[in-house]
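Everything below concerns the one structure shown next.
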Amino acid sequence: MAFLPFFSLFLFGILSSSKLVFAQLPEEETTLVAIGKELGLTSWGLNSSHYCSWEGIRCSSNDSTVVKLDLSHGGLQGNFTLISELNALKWLDLSYNNFQGSIPPALGNLSKLEFLDLSYNRFGSLIPADLGRLTNLRSLNLSNNFLVGQVPDELEGLVNLQDFQIFTNRLGGSIPTWVGNLTNLRVFTAYENGLGGSIPDNLGSNSEIRLLNLHSNQLEGTIPDSIFAMGKLEVLVLTQNQFTGNFPQSVGNCKSLSNIRIGNNNIIGSIPREIGNVSGLTYFEADNNHLSGEIVSDFAQCSNLTLLNLASNGFTGTIPDLGNLTNLQELIVSGNSLFGEIPSSVLGCKSLNKLDLSNNRFNGTIPRDICNTTRLQYLLLSQNFIRGEIPNEIGNCVKLLQLEMGSNYLTGAIPPEIGHIKNLQIALNLSSNHLRGLLPPELGRLDKLVSLDLSNNQLSGTIPPAFKGMLSLIEVNFSNNLLTGPIPTFGPFQKSPNSSFLGNKGLCGEPLSLSCGNSDTSDRENYHHKVSFRIIMAVIGSGLAVFVSVTIVVVIFTMRERQEKTAKCAEVIDDGSNNRPSIIAGNVFVENLRQAIDFDAVVKATMKDSNKLSSGTFSSVYKAVMPSGMVLSVKRLKSMDRTIIHHQSKVIRELERLGKLCHDNLMTPVGYVIYEDVALLLHHYFSNGTLFEFLHDSSKLPEYKPDWPTRLGIAIGAAEGLAFLHQVATIHLDISSGNILLGASYKAMVGEVEISKLLDPSRGTASISAVAGSFGYIPPEYAYTMQVTAPGNVYSYGVILLEILTTRLPVDEAFGEGIDLVKWVHNAPARGETPEQILDSKLSTVSFTWRKEMLAALKVALICTDSTPAKRPKMKKVVEMLQEITQN
């Protein structure tokens, strides 16, 4: 029986161990419930489920201890010191909340912690030295807070750190030397602080650092060779500091380096020829330095180069042969001392979007093949010594948004072919040259142009009346020429200062306050007669429009009782019988689609709930697969009025007119079907879904996650579609991200356009309560004006732009009671938050350029969502401001 004492001890040990495990569970749950109460996590502990299944919690499979706590994006605030009692915790993410005050030193007790993210909060005070006790920590992110003081030396104990991010704080002092001793360091971002001193000489020499971003500090000294030593660096951003010395030749060690941004410093010397070894180079920005010498031809070996910005330096010589750079999109070398002909090799870069050679010493003539680069949108040649005539082939640059050739020695006449560049919007500047001859009336076709400067030339003749076609002009300058005759009575001309026309002895009329005699009086009388005639026609047209609109609504929208009858028809169809509803009318507007679309199949598809894709304010959308295999999106209009349908012929005419409403960014119907009292509108099917799904539904995100340029493209596309609607006097009734469809390559298509044409409350055809739009997008003035307006459309678009920038929902409980996305953004300064804290950090932290562009787009969104309608810009101006972002 000697084994009994041993067995008893063994059994006691098992029981004791088991008792210990079970004792831990209630204790850990008690701690979690206390944390939940402190942070307002009301869902914790309310049901009988095990705490390991509570939101944001993951437990160990062995003993049910909490190993991961993810409470990010919760709008949380309060004291979370109790978290330090979760001894087994390895992962803690409290990012994107409203925590403030000091970071609890007690977090240093979490000895097993490997991941700590406290970014995007409102923490102030110092970084606690106690965090240095987290010796297992691999990732530490304290970014986007209000932290002050220096980075404590006690963090030297974080020997396993791989990812160290402290950007956008108020930190001072210097970068600690111990950062260079972190052998596992891969990512170090400390941009937008007040750091001074130099980069430690050992940073990178002991680790395979991949990303180093230190822009917008007060760092000085030279860029150390050590950061290139291991050859693993992929992204280097040092812009807006005070670095001096030469750019290291050791950059050639890093073949995978894709981004080099060293602009706005005091770097001297030439660019090392070893840059050609950096085969992965995509962006090279070194503008606003003191670089000199020639631009090295070795850039031509960087086959992936997309952007080369060497502006505002001291480069001399000619531009080397860069013709092999098929991916080059932007070449910016303005503000140097470069000379020679405009390089033909650059014109061979088929992807070139922007060519900025301004403020140099280029001579020679403008090549006739200047427009061989079919994607060119910005051609900036001002302030050089270019001579000769502007070639007629300039008209082939059909995608140009900006053409600047001022302050050169150009001669001859202005080519009328410039009038073919219909996309020209930002500026046409031919000032301070030696141009002669008449102003070509063809320039009047530039209806998108905002700024026109033809000053300081020798142009003669009159200002053509056709210039009244420049409907978007804001700035104009004809001064110091030989022009004669009356200034056309055109708004942009009359609103310009008289300095825009001075120096032309033969010009008269407003705004010069010079009488043109009888001819002027006659012109004015003719003008007033024309205006009166237009007013009369507008009144007649408005009356007809009201009549047509009322008739259309009578035809389209049905009594709710008859919808029940349609539902019964659905049951008959689903039973497979031949008693299908009688199709009254149907048509396909696109000739080559007529054979592929079967109207019976369209009707049948809308009878099945399984085919329903979405249900909006005015319609339900169904997916319909045709027998031919073609897939359609079918919109079934909802009944708004209780009026009996009649006058089908008028609604058919209206629908066919809609089919002719053509714009690249509008989703217009390709056909329609009318049966019983139901109207179905046929559209192309977009498999990428809506912008709302893309931004907010993670289950529908594509494998390719679009970057900021793609999001900006979506924003511009949606704005262009909406601007076109306003141009054709159509106010959209329901602008939301759910009504922005995404086509191929994420091309934005504004949907629900036909609703705006068929149902217009401003003409008395519907109630404002039915058409005010989607919740979260409705402008505040609709509550009292009871009228849908163009400024209201701009407000709704501004909400969409905020969604794109923040990836936040228009209405979210996290904002607080009565606060929507617009108020949350506008109130950021009152909360002590910077604009950077509003943006989606997954994009804004990728590069300085993306961040800068996002901040510029945020300004546009803020203007669009101004509480005063009169202060909001027109949609056409919104398009211009967004396109200017891509330019800058």
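What's counted below: heavy atoms across the whole structure, side chains too, no hydrogens, waters or symmetry copies. Note that the structure is a prediction, hence the values are computed from the model and not measured.
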Query raised in the report: Salt bridge between Lys823 and Asp820, side-chain N to carboxylate O under 4.0 Å?
Result: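 The answer is no: the pair does not qualify as a salt bridge.
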Requested in this report: Before accepting this row, confirm whether a basic side-chain N of the pair Arg851/Glu192 lies closer than 4.0 Å to the acidic partner's carboxylate O.
Outcome: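 Salt bridge present between Arg851 and Glu192.
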Counting C-beta onward and ignoring hydrogens, is there a side-chain heavy-atom pair between [X] and [Y] closer than 4.5 Å?
X: Ser139; Y: Glu114; result: no
X: Tyr795; Y: Asp866; result: no
X: Thr31; Y: Leu86; result: yes
X: Ile804; Y: Trp708; result: yes
X: Leu712; Y: Ile885; result: yes

Please check if any side-chain donor atom of [X] sits under 3.5 Å from a side-chain acceptor atom of [Y], or the reverse.
X: Asn259; Y: Arg261; value: yes
X: His50; Y: Glu29; value: no
X: Thr189; Y: Gln165; value: yes

Measure the spacing between [atom1] of [X] and [atom2] of [Y] and express it to the nearest 0.5 Å.
X: Asn217; Y: Asn193; atom1: CG; atom2: CG; result: 5.5 Å
X: Leu158; Y: Asn184; atom1: CG; atom2: CG; result: 11.5 Å
X: Leu182; Y: Asn206; atom1: CG; atom2: CG; result: 9.0 Å
X: Ser125; Y: Ile103; atom1: OG; atom2: CD1; result: 8.5 Å
X: Leu94; Y: Leu116; atom1: CG; atom2: CG; result: 7.5 Å
X: Leu185; Y: Leu161; atom1: CG; atom2: CG; result: 6.5 Å

Heavy-atom closest pair, residues [X] and [Y]:
X: Leu802; Y: Ala861; result: CD2-CB, 3.6 Å
X: Leu742; Y: Ala748; result: CD2-CA, 4.4 Å
X: Pro779; Y: Arg872; result: CB-NH1, 4.1 Å
X: Thr807; Y: Arg711; result: OG1-NH1, 3.1 Å
X: Asn98; Y: Gln77; result: O-CB, 3.7 Å
X: Val799; Y: Pro810; result: CG1-CB, 4.1 Å

Query raised in the report: Using the benzene-type ring in the case of Trp, are the ring centres of Phe146 and Phe123 under 6.0 Å apart?
Result: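 Judged by ring-centre distance (under 6.0 Å), Phe146 and Phe123 do not meet the cut-off.
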Polar side-chain atom of [X] near backbone of [Y] as donor-acceptor pair, under 3.5 Å:
X: Ser737; Y: Ile800; result: no
X: Asp93; Y: Leu118; result: no
X: Asn827; Y: Val825; result: no
X: Asn213; Y: Val235; result: no
X: Asn62; Y: Ser64; result: no

Query raised in the report: How about Lys232: does its NZ atom have over 12 heavy atoms from other parts shown lying under 6.0 Å from it?
Result: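 Not buried by this count: 12 neighbours or fewer within 6.0 Å.
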Query - side-chain contact (heavy atoms from CB on, under 4.5 Å) between Leu843 and Met854, intermediate numbers included - result: CA-CA 9 Å; Leu843 297 182; Met854 291 178 75; 3.8 Å; yes
Query raised in the report: Is NZ or CZ of Arg58 both nearer than 6.0 Å to the six-membered ring centre of Trp91 and within 45° of the ring axis?
Result: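 No, Arg58 and Trp91 do not form such a contact.
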Query - ring pair (Phe, Tyr, Trp, His ring centres under 6.0 Å) involving Tyr191 - partner list, sequence neighbours excluded - result: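 Tyr191: ring pair (Phe, Tyr, Trp, His ring centres under 6.0 Å) contacts with Phe167, His215.
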